[in-house]
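Quick note: numbers below take in every heavy atom, side chains included, and nothing from hydrogens, waters or symmetry partners.
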Amino acid sequence: MVQIKDMTQTENGATPAASVEEIQKGWNDLTLRVSQLEAERTALEQENKSLRFMLERAVEYRQKSHNELVLLLTGLVSKLPINDIGVIVSKLVEHNSAVSETCAALIKGKADSALPQPMILKALEQTKRDLTAALKPEVEELIKLDTPLENELLESLVGQPDIFFTPAFVRASRCFMKGQVPRERIVRQFGEESLVLFNDMTTDPNRNPRPRPEEIVLTFKPDFETLLQQNSSLPADKRAGLAALYQKLQRSKAATDEARLQRNVFQRLSFLIELLHYYENQNTESPEVTFAQRLPVLIEQLVVGGTEQLDEKLIEQAETLLGFIVHNDHRLMVLYNIGKGGGIGKTLKYVMLLRTEEIPDLNQVITDFIKRLIPQQNAPSPDSLASFVRLVHPDIQPRVVRVIMSTDRLRKEEAEALGKAVAEKLGIKELEIAKAEPSVPPETERQLAWEKIKDMISSRADPGSVAAAVRARLHAKYDADEIRQSWITLTEADPISLIRVFCQLPYLTDGSTDSVARAVMETYVTRLMHEKYASTYQKVMNSLRTMFQANASSPTLLNFMALVRWVDPAAANKLSADIGMVPAPA
């Protein structure tokens with residue numbers, strides 16, 4: 001054991017200490033190596049600082065450039081005529097925020113400041129705040145009018161607008177508009193014993209024998225007041241409450257200004273809540289449902305309200321509501337879908353369009369407006385016409401008067417006299433009417449001119465008048481496009497109208513032949529015989545064959561065939577053979 005212990009001490013013994021000479025000899029090498037390491041460490045630190053500075057510059061530049069790109073894209077997207085702009089812009093901004101946070105995390109751990117918000121999102125957020133702020137005054141006014149709706153239910157809309165879409169509120173709203181009350185409200189407020197005073201409007205033995213209790217709506221019985229006096233089982237306070245509710249319903253159903261005001265306020269409130277709900281739920285709500293179905297009906301009910309007159313004050317209220325809509329395309333969608341049922345609502349559509357600044361097809365809207373106001377061959381009085389024209393924008397009124405003076409619904413003299421009378425009623429001078437001539441592109445002007453001729457054909461105007469209108473247009477604009485458009489207009493009519501207009505085309509009122517008639521008719525016959533218009537040829541040939549079988553000496557048939565032979569004998573021979581007038585040539 002002693003031997004093993006000595007061996008262990010020898011093997012693990014401490015290294016002998018270096019001598020002073022050895023230390024002095026290696027000191028210089030050690031000092032040199034330490035200085036070299038210090039220099040390398042300083043160089044690495046400087047290099048790391050340079051690399052970090054370059055990385056920060058690159059990330060910062062990337063962050064700013066990406067932010068500018070997203071803002072540019074949102075500006076371009078917001079101008080597109082699409083319905084889901086808000087969703088696209090929100091996704092772009094969300095993506096931009098994620099990129100900025102990632103870039104900041106690479107350097108500082110978090111973003112320094114909030115990113116700039118696109119203008120469309122700023123407008124959307126401001127609109128939401130404005131809609132929320134506008135709810136409270138409408139609710140307070142509706143409560144002040146003492147409507148049959150429960151005050152607690154209305155007050156809850158200020159803090160929670162989505163309650164408007166719950167089944168209970170939807171039922172209460174429908175009952176308010178129809179003069180009914182929900183059964184659940186009567187049971188809750190007055191008890192089951194009060195149901196004997198009401199008629200059940202929901203339960204039907206055949207169609208709906210077992211409705212759910214919360215879906216049943218009631219109406220007061222016709223002799224409610226007598227039954228209420230005879231019913232002694234109800235406490236006095238409940239009988240007073242039922243009598244008060246009955247009076248409220250009677251006032252809301254009556255055709256009075258008070259009842260109309262209640263409905264107008266409720267429709268304004270509905271508009272605000274519908275629009276706010278869409279902006280809060282753009283990812284799930286369809287813009288077509290909101291702007292093409294729900295809001296147009298509310299606007300029409302607000303302004304028209306069962307009358308046949310338009311009130312400018314109510315139109316201004318509707319315009320205030322439309323001002324809450326952020327995108328112009330959505331506003332136009334609402335306006336274009338007003339008046340689907342016809343009547344005064346359709347007139348309201350054109351009036352509100354002509355009060356709007358940005359209308360893509362102003363000339364067509366004015367033309368349709370005048371067609372709406374002036375029935376075919378039946379001139380209204382200048383007073384009634386001026387009452388509607390006065391509602392449109394003052395800058396557009398001279399143009400409307402000019403269209404009245406040139407309308408084809410009346411004879412030229414009557415139209416001019418009516419337009420001047422309306423201008424006098426509106427206080428419009430002749431100089432203003434002269435300046436109202438709109439500058440339209442040639443293609444649009446051509447389309448409008450031939451649309452008038454097409455209307456003449458569809459309204460069964462005299463073939464001579466239609467032929468005169470075609471000649472007048474071709475003399476004013478004689479080129480290949482006009483001739484082609486005239487042929488298309490005639491082919492879109494029924495074949496007998498084409499035949500009759502063709503027969504009247506070369507003859508002027510004084511009995512002479514029109515100078516361009518032969519060239520135009522030759523073009524028509526060439527097109528008629530071309531295989532491209534085989535369907536048109538078949539229709540014309542069938543009509544001519546029917547004429548021939550009914551009366552071989554028909555003046556229209558003989559005149560048509562003579563004119564075709566005048567411009568193209570070969571085409572006349574083929575037509576004659578197909579009709580059966582003469583044997584086919586060998």
Side-chain angles (χ1 to χ4, degrees), residues 408 446-582 584-585:
D408 57 356
R446 178 189 300 120
Q447 182 179 358
L448 292 175
W450 289 107
E451 282 292 334
K452 290 182 179 179
I453 297 175
K454 189 183 299 184
D455 290 342
M456 293 178 64
I457 298 174
S458 61
S459 61
R460 302 296 181 182
D462 180 64
S465 301
V466 177
V470 172
R471 287 197 304 267
R473 178 62 189 174
L474 292 178
H475 277 283
K477 299 280 185 179
Y478 186 77
D479 56 33
D481 291 335
E482 291 292 339
I483 296 176
R484 176 178 175 275
Q485 187 62 47
S486 67
W487 167 251
I488 292 175
T489 302
L490 293 177
T491 57
E492 289 178 351
D494 55 287
I496 191 64
S497 296
L498 186 152
I499 294 170
R500 289 172 177 171
V501 172
F502 185 88
C503 292
Q504 296 291 329
L505 198 59
Y507 307 119
L508 299 176
T509 55
D510 59 357
S512 60
T513 303
D514 186 81
S515 57
V516 300
R518 183 183 180 92
V520 173
M521 295 170 68
E522 185 176 353
T523 303
Y524 288 172
V525 173
T526 302
R527 293 176 183 273
L528 180 64
M529 307 307 294
H530 196 277
E531 60 182 5
K532 179 180 178 180
Y533 298 100
S535 59
T536 303
Y537 175 82
Q538 189 66 31
K539 293 177 183 178
V540 172
M541 188 267 294
N542 289 338
S543 296
L544 294 172
R545 181 184 294 165
T546 302
M547 288 185 196
F548 178 72
Q549 292 173 353
N551 181 11
S553 301
S554 170
T556 302
L557 172 64
L558 298 179
N559 191 14
F560 182 83
M561 295 305 301
L563 290 175
V564 172
R565 190 172 300 280
W566 178 46
V567 297
D568 191 342
N573 291 335
K574 184 177 187 308
L575 264 175
S576 299
D578 292 341
I579 295 170
M581 296 178 67
V582 295

- Determine the interplanar angle of the W487 and Y533 rings, folded into 0 to 90°, and report it as parallel if under 30°, tilted if 30 to 60°, perpendicular if over 60°.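 Ring orientation, 0 to 90° scale: perpendicular.
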
Distance in Å, [X] [atom1] paired with [Y] [atom2], rounded so as to fall on 0.5 Å steps:
X    : Y    : atom1 : atom2 : value
K454 : I488 : NZ    : CD1   : 9.0 Å
M541 : T546 : CE    : OG1   : 9.5 Å
M529 : T536 : CE    : OG1   : 12.5 Å

Within-4.5 Å side-chain heavy-atom neighbours: [X] and [Y]:
X    : Y    : result
Y507 : N559 : yes
L505 : D514 : no
T523 : V567 : no
W450 : V470 : yes
M547 : I499 : yes
N542 : P495 : no
K539 : L498 : no
M456 : S465 : yes

[Y] backbone acceptor or donor facing [X] side chain under 3.5 Å:
X    : Y    : value
R500 : D462 : no
R518 : T513 : no
R545 : D578 : yes
D568 : V564 : no

- For the student: nearest non-hydrogen atoms of P506 and L563, plus distance: CG-CD2, 4.0 Å

